[in-house]
J.: 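Just dropping this structure here.
Computed over heavy atoms, backbone and side chain alike; hydrogens, waters and symmetry mates excluded. Nothing fancy with the numbering, it's 1 onward along the sequence.
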Amino acid sequence: AVPAWRVSATAFGVIAVAEWGDLTQIATASLAARSGEPVSTALGAWLALASVAAIAAAFGQQLVRRVPLHRVNYVGAAIFALLSVWTLVELLR
């Protein structure tokens, strides 16, 4: 069996590397700069990431059995497309 600390360290490393330069991180940095509330933004981002990681760990295998991974990717892309339109509308106001 793999020690729990090694599993935790691997999970941390995978998420840290995957999130570096990710669109969500760029959007979060933009929100922190725009709102002037970096601590609140960091707390919200951390809670969101922790929630998504918990859901993925608890239900990821069942979700992938029921919903093809390419559909999950399409939903994520659609959400970012909507956010980009929203951002563009906000910029043009």
J.: Report yes if some heavy atom in the side chain of Ile15 is under 4.5 Å from a heavy atom in the side chain of Leu49; otherwise report no.
T.: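 Answer yes - side chains close enough.
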J.: What distance separates Leu31 CG from Ile26 CD1, expressed to the nearest 0.5 Å?
T.: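 Rounded to the nearest 0.5 Å, the CG-CD1 separation comes to 14.0 Å.
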J.: What I'd like to find out is whether the side chain of Arg34 reaches to under 4.5 Å of the side chain of Glu90, using heavy atoms alone.
T.: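 Heavy-atom side-chain distance check passes, below 4.5 Å.
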J.: Once you round to the nearest 0.5 Å, how far does CD of Gln62 lie from CZ of Arg66?
T.: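 Interatomic distance, Gln62 CD to Arg66 CZ, rounded to 0.5 Å: 7.0 Å.
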J.: Ignoring hydrogens and angles, tell me if any N or O in the side chain of Ser8 forms a donor-acceptor pair with the backbone of Trp5 under 3.5 Å.
T.: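 No; zero donor-acceptor contacts below 3.5 Å.
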J.: Group every Ile, Leu, Val, Met, Phe, Trp and Tyr by side-chain heavy-atom contacts under 4.5 Å, then state whether Leu91 and Trp86 land in the same group.
T.: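 Per the 4.5 Å side-chain linkage, Leu91 and Trp86 are not co-clustered.
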J.: Hydrophobic cluster membership, with links at side-chain heavy-atom distances under 4.5 Å among I/L/V/M/F/W/Y: are Leu43 and Val39 in one?
T.: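 No, Leu43 does not connect to Val39 through the hydrophobic network.
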J.: Please round to the nearest 0.5 Å and tell me the distance separating atom CG of Leu92 and atom CG of Leu88.
T.: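 The distance works out to 4.5 Å.
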J.: Can you see which heavy atom on Thr24 is nearest to which on Thr28, and at what distance?
T.: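 Smallest interatomic distance, heavy atoms only, reads O-OG1, 2.7 Å.
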J.: For residues Phe80 and Val52: do they belong to one hydrophobic cluster (side chain heavy atoms under 4.5 Å, members Ile, Leu, Val, Met, Phe, Trp, Tyr)?
T.: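 In one cluster with Phe80: Val52, no.
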J.: With a 3.5 Å distance limit and no angle check, can you tell me whether Ser51 reaches the backbone of Leu47 through a side-chain donor-acceptor pair?
T.: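 It does hold such a pair.
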J.: Looking at Ala32 and Pro38, what are the two nearest heavy atoms and their distance?
T.: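 Nearest pair, atom of Ala32 first, then Pro38: CB-CA, 4.2 Å.
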